[in-house]
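Following: one structure in structure tokens, then a few remarks.
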Amino acid sequence: MKKIFFIIFSVLNVFAFSQTLGSTLDKKTLALGEAGVFRINISNLQGKDVVSAPKNELLPFHFEEIKDSINKQADRYDRIIEFAVFEEGKYTIPALDFTIGGKIFHTIPYEIEVVNTAQKGDQINDIMKNKEVTLDVKDYWQLYKFYILGVLILLALIFAIYQIVKYGKRRKSSPVVMTNQTLKDLEILRKKKFIENGDYRSFYVELIDISRNFITKQYQIPADVLLTDDLIDVMKLNNAISPQNETIVEDIFLRGDLVKFAKTFPDQTMMEKDFEDMKTFVKRSSKDLEMEQLRTGV
């Protein structure tokens, strides 16, 4: 008998102290744009906190929330949402989460059908007939002036960017810029002190790499891919480099090949001379280009 009373007391205690979450939907079928009302209520709250989605963010994407009001008291929570749907079809309000005093509760899901109540034969009439208005040039200018000005500004901006890029490329590839850059590269090579340390192989490898890059960009000769013998032949046929400068390049490149394959061992004096000769060649390159322009009439 005591067990029966205990079970009855426990059940009554659960009902007395548990929260009840309920929800209602006023219509299961709506016309396009028609307002529907969705209500959520929680009773026997006992002062506990209620946490849910923020205002106007509780319902899914297709539901346009018109009004979302929340009324919370010590023992009761009410939330009323007015909404509309503007596309035909069947939609679902899913089970929604509500956290009550740290415990999660769920509403039941609802199915809603949205229909278009307009009939095919319905005639739609304007309140007033359209009035024809004659526009002149000034009227069209007032209507479209901002578009025209915007297009003109955009075209001017594109032209300015093109000129800046073009000028920048021309400056970077100009003979003076290339000459100055190569002279800087040669000074960096000198600071490595390969000459003073007698590291002739590293010296000639870097000296020839700098020279090949310079000839490629300054004279438009593919020195970076040609073998030494082929490069010498191309320089002589090209006739862009003066004979004096050709001799400098030929001597240094041939000596560099011999050093590379350990067939010759230049001393410090020879390395100093080759360094200064190559530096002189770089400085005199602008005269070569001037003579080339005179020959070609550029």
Side-chain angles (χ1 to χ4, degrees), residues 10-131 133 135 139-140 142-154 157:
S10 299
V11 171
L12 291 175
N13 188 56
V14 169
F15 280 104
F17 295 98
S18 64
Q19 292 74 43
T20 303
L21 172 64
S23 62
T24 58
L25 180 65
D26 68 333
K27 298 176 183 178
K28 296 287 185 74
T29 302
L30 295 174
L32 282 174
E34 181 184 1
V37 179
F38 180 56
R39 291 182 172 86
I40 302 100
N41 57 76
I42 305 172
S43 60
N44 197 25
L45 200 54
Q46 302 173 20
K48 294 179 180 179
D49 288 333
V50 178
V51 180
S52 63
K55 276 191 173 186
N56 302 314
E57 296 182 18
L58 184 65
L59 299 183
F61 172 75
H62 287 286
F63 294 83
E64 185 74 26
E65 296 189 21
I66 302 168
K67 184 179 179 182
D68 189 349
S69 62
I70 299 174
N71 181 26
K72 183 179 181 299
Q73 300 176 6
D75 206 45
R76 185 174 179 83
Y77 173 95
D78 291 290
R79 186 167 182 174
I80 301 174
I81 301 173
E82 294 183 27
F83 66 91
V85 183
F86 296 94
E87 293 183 24
E88 291 182 77
K90 292 185 178 180
Y91 302 93
T92 301
I93 298 178
L96 304 172
D97 295 342
F98 284 80
T99 303
I100 306 171
K103 187 176 181 181
I104 298 176
F105 293 80
H106 308 283
T107 62
I108 62 172
Y110 292 91
E111 293 286 339
I112 297 177
E113 185 176 5
V114 180
V115 297
N116 186 357
T117 56
Q119 301 296 321
K120 288 184 178 180
D122 290 349
Q123 184 176 355
I124 300 174
N125 297 317
D126 291 336
I127 297 174
M128 295 180 64
K129 291 185 177 181
N130 293 332
K131 184 178 180 181
V133 179
L135 300 177
D139 295 321
Y140 283 111
Q142 290 298 324
L143 286 171
Y144 301 109
K145 62 181 179 181
F146 294 110
Y147 297 101
I148 296 171
L149 291 173
V151 171
L152 292 175
I153 291 171
L154 180 61
L157 183 61

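- Under the 3.5 Å distance criterion, the side-chain polar atoms of Asn41 are left unmatched by any main-chain donor or acceptor of Asp78.
- For the atom pair OH of Tyr110 and OG of Ser23, the computed distance is 3.0 Å after rounding to the nearest 0.5 Å.
- You'll find the ring centres of Phe63 and Phe83 inside the 6.0 Å limit.
- Going from atom NZ of Lys48 over to atom NZ of Lys72 covers 11.5 Å, rounded to the nearest 0.5 Å.
- For the pair Tyr77 (side chain) and Ala74 (backbone), a donor-acceptor distance under 3.5 Å is absent.
- Ile40 is listed as a side-chain neighbour of Phe98, based on a closest heavy-atom distance under 4.5 Å.
- Side chains of Ile100 and Ile42 form a contact here, defined as non-hydrogen atoms less than 4.5 Å apart.
- From Ile104, atom CD1 reaches atom CG of Asp97 across 6.0 Å, with rounding to the nearest 0.5 Å.
- Annotation for Phe86: atom CZ counts as buried by contact number, over 12 foreign heavy atoms lying within 6.0 Å.
- Taking both residues in full, the closest heavy atoms of Pro94 and Pro60 are given as CD-CG, 3.5 Å, listed atom of the first, atom of the second, then distance.
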* Step-by-step side-chain contact (heavy atoms from CB on, under 4.5 Å) determination, Thr117 to Leu32 -> CA-CA 7 Å; Thr117 56; Leu32 282 174; over 6 Å; no

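- Formation of a donor-acceptor pair under 3.5 Å by the Asp49 side chain with backbone atoms of Gly101 is not found in this model.
- The side-chain heavy atoms of Lys27 and Glu34, taken from C-beta on, include a pair separated by under 4.5 Å.
- In this structure, Val50 and Leu45 approach most closely via the heavy-atom pair CG2-CD1, 3.7 Å.
- Side-chain polar atoms of Arg79 and Ser52 form a donor-acceptor pair below 3.5 angstrom.
- We find the OG1-CD1 distance between Thr92 and Ile112 to be 8.5 Å, quoted to the nearest 0.5 Å.
- Note that NZ of Lys90 and CD of Glu111 are 8.0 Å apart. Values are rounded to the nearest 0.5 Å.
- Between Leu30 and Ala35 the shortest heavy-atom distance is CD2-O, 4.1 Å.
- Remark: Gln73 engages Asn71 in a side chain to side chain contact (heavy atoms under 4.5 Å, CB included) (not counting sequence neighbours).
- Between Phe38 and Thr24, the shortest heavy-atom contact is CD1-O, 3.3 Å.
- In terms of heavy atoms, Val85 sits closest to His62 at CG1-O, 3.8 Å.
- Without hydrogens or angle criteria, Glu65 side chain to Leu58 main chain gives a donor-acceptor distance under 3.5 Å.
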* To do: Please test Asp75 against Asn44 for side-chain contact (heavy atoms from CB on, under 4.5 Å), starting from the C-alpha separation and ending with a verdict.
  => CA-CA 5 Å; Asp75 206 45; Asn44 197 25; 4.0 Å; yes

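- The CD1 atom of Ile80 lies 11.0 Å from the CD1 atom of Ile70; values are rounded to the nearest 0.5 Å.
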